[in-house]
Amino acid sequence: MCKRFALDLDWNAIAAQFSVAEEDVRGDVLPRPSYNIAPTQNIAVIAQGKDGHRHLTGAYWSLIPSWSPGKTLPYPTYNARVESAHVKSTFAESTRSRRTIIPASGYYEWRGRRPFYFSPEMESTALAMAGLYSWRRPSAASLWQLTATILTCPAVDGPATVHDRMPLLVPAGMTSEWLDPSIDGARLLAPMRKAGAELSARLHFHEVAPPEGDGPRLIRPINREEPMRLF
């Protein structure tokens, strides 16, 4: 499960990392830096369009399928399980041909009420979380809205000591296949799950204070040998 993450990245560096051309970066709709991004807020996504170009743009974090009559579904859609996304009506179409990468500085998971922050081995490297996207148009007079969800998988190794689920990470060697809409994503899920778990096993993590407000202070490690300061 992933319902909070941090995003403080250099968009030019992200574009270069994922081979997004300068003209395909929508800087006007990309999110501002935040260490407390929650569902329904604006996130960044990298996706490949029908033109074959990769695009870096903003999206609403909670996937709304194109057939949904409203913006609110009776169940949460900010996460999708990798084990069942290809057969669930909400996510099946997106799994087939609308896959995305959601960059992040790091993410939070909870062990009971205690939050932990997970981040890459190298601070300058962004996490590449596997995601799905969908387009939604509230009415004929409205603009199309891009919505997205983060895929999760069973936790392994270190992450499993905190929570039983974790975001699915995209290995660099599978980026092209994952973003290619001509490939049926159902056949990519098993190898992605295996390779992504290897990446997750190498993540650094530490306990932090409950994420309230915003700013880099949210990811500072808690020293359990000292009393926690409330103010």
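Here, residue 1 is the first one in the sequence, and each next residue gets the next number.
Linking Ile, Leu, Val, Met, Phe, Trp and Tyr whenever their side-chain heavy atoms come within less than 4.5 Å puts V156 and V82 in one cluster. Hydrophobic clustering, with ILVMFWY side chains joined whenever heavy atoms are under 4.5 angstrom apart, keeps Y133 apart from L73. One hydrophobic cluster, built from ILVMFWY side chains closer than 4.5 Å, holds both Y75 and I64. V25 and V29 are members of different hydrophobic clusters when ILVMFWY side chains are connected at heavy-atom separations under 4.5 Å. Under the 4.5 Å side-chain contact rule for hydrophobic residues, W144 and L132 share a cluster.
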* To do: Using the side-chain contact (heavy atoms from CB on, under 4.5 Å) rule, take K71 and Q145 through it: C-alpha gap first, then chi angles, then the decisive distance, then the call.
  => CA-CA 10 Å; K71 192 174 182 179; Q145 181 185 31; 3.9 Å; yes
* **Derivation and outcome, side-chain contact (heavy atoms from CB on, under 4.5 Å), residues L168 and T152** => CA-CA 5 Å; L168 178 64; T152 68; over 6 Å; no
* Do R26 and H55 pass the side-chain contact (heavy atoms from CB on, under 4.5 Å) test, and can you show the C-alpha distance, the side-chain angles, and the key distance before you say yes or no? -> CA-CA 8 Å; R26 287 290 309 278; H55 301 266; over 6 Å; no
* To do: Start with the C-alpha gap between Y107 and S119, add the side-chain angles, then the distance that decides, and say whether side chain to side chain donor-acceptor pair (under 3.5 Å) holds.
  => CA-CA 7 Å; Y107 67 88; S119 59; over 6 Å; no
* R111 and T161: CA distance, side-chain angles, deciding distance, side-chain contact (heavy atoms from CB on, under 4.5 Å) verdict -> CA-CA 8 Å; R111 181 194 296 160; T161 66; 4.0 Å; yes
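With a 4.5 Å cut-off on side-chain heavy atoms, R98 and E93 count as touching. By the 4.5 Å heavy-atom criterion applied to side chains, I102 and T149 are not counted as neighbours. Contact annotation: the side chain of Y60 approaches that of S62 to within less than 4.5 Å [non-hydrogen atoms, C-beta and beyond]. Counting heavy atoms from C-beta outward, H86 and R96 have side chains that stay 4.5 Å or more apart. Considering only heavy atoms from C-beta on, W61 stays 4.5 Å or farther from T40 through its side chain. At least one side-chain heavy atom of I46 sits under 4.5 Å from a side-chain heavy atom of P103. The closest side-chain heavy-atom distance from R165 to P154 is below 4.5 Å. Inter-residue side-chain proximity for F116 and H163 is flagged as unmet; no heavy-atom pair is nearer than 4.5 Å.
Every residue two or more places apart in sequence or in another chain that forms a ring pair (Phe, Tyr, Trp, His ring centres under 6.0 Å) with F205 is listed here: F118. Legend: residues meeting side-chain hydrogen bond (donor to acceptor under 3.5 Å, both in side chains) with H206, ordered by chain and number and at least two apart, are absent.
In terms of heavy-atom proximity, L30 sits nearest to A44 at CD2-CB, 3.8 Å. Of all heavy-atom pairs between L127 and P120, the closest is CD2-CG, 3.6 Å. Closest heavy-atom contact between C2 and I150: SG-CD1, 4.2 Å. For the residue pair D24 and V20, the shortest heavy atom distance occurs at O-CG1, 3.7 Å. Smallest separation of non-hydrogen atoms from V208 and R220: CG1-O, 3.4 Å. Counting all heavy atoms, side chain and backbone alike, S105 lies closest to L9 at OG-CD2, 3.6 Å.
Rounding to the nearest 0.5 angstrom, the gap separating the CH2 atom in W11 from the CG atom in L56 is 6.0 Å. Rounded to the nearest 0.5 angstrom, E121 CD and H204 NE2 are separated by 5.0 Å. Expressed to the nearest 0.5 Å, how far CZ of F5 lies from CD1 of I43 amounts to 5.0 Å. In this structure, CG in D157 is found 9.0 Å from OG in S200, a value given to the nearest 0.5 Å.
Donor-acceptor pairing under 3.5 Å is lacking for the side chains of R136 and T147.
Screening N42, D214, D8 for a side-chain hydrogen bond (donor to acceptor under 3.5 Å, both in side chains) with S34, the sole residue that qualifies is D214.
In this structure a side-chain-to-backbone donor-acceptor pair under 3.5 Å is present from T175 to A172.
Ion pair R4/E212 not flagged as a salt bridge, since none of the NZ, NE, NH1 or NH2 atoms sits closer than 4.0 Å to an Asp/Glu carboxylate oxygen.
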Do any side-chain atoms of residues 176-198 form donor-acceptor pairs under 3.5 angstrom with protein atoms, and if so which ones, sequence neighbours left out?
{"residue": "S176", "atom": "OG", "partner": "R54", "partner atom": "NH2", "Å": "3.1"}
{"residue": "W178", "atom": "NE1", "partner": "T100", "partner atom": "O", "Å": "2.9"}
{"residue": "D180", "atom": "OD1", "partner": "S182", "partner atom": "N", "Å": "2.9"}
{"residue": "D180", "atom": "OD1", "partner": "S182", "partner atom": "OG", "Å": "2.7"}
{"residue": "D180", "atom": "OD2", "partner": "S182", "partner atom": "OG", "Å": "3.3"}
{"residue": "D184", "atom": "OD1", "partner": "A186", "partner atom": "N", "Å": "3.0"}

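Note on ring orientation: taking the six-membered ring where Trp is involved, the planes of Y108 and W110 are tilted (angle from 30° to 60°).
The number of heavy-atom neighbours closer than 6.0 Å to CD of E23, taken from other residues, nucleotides and ligands shown, is above 12.
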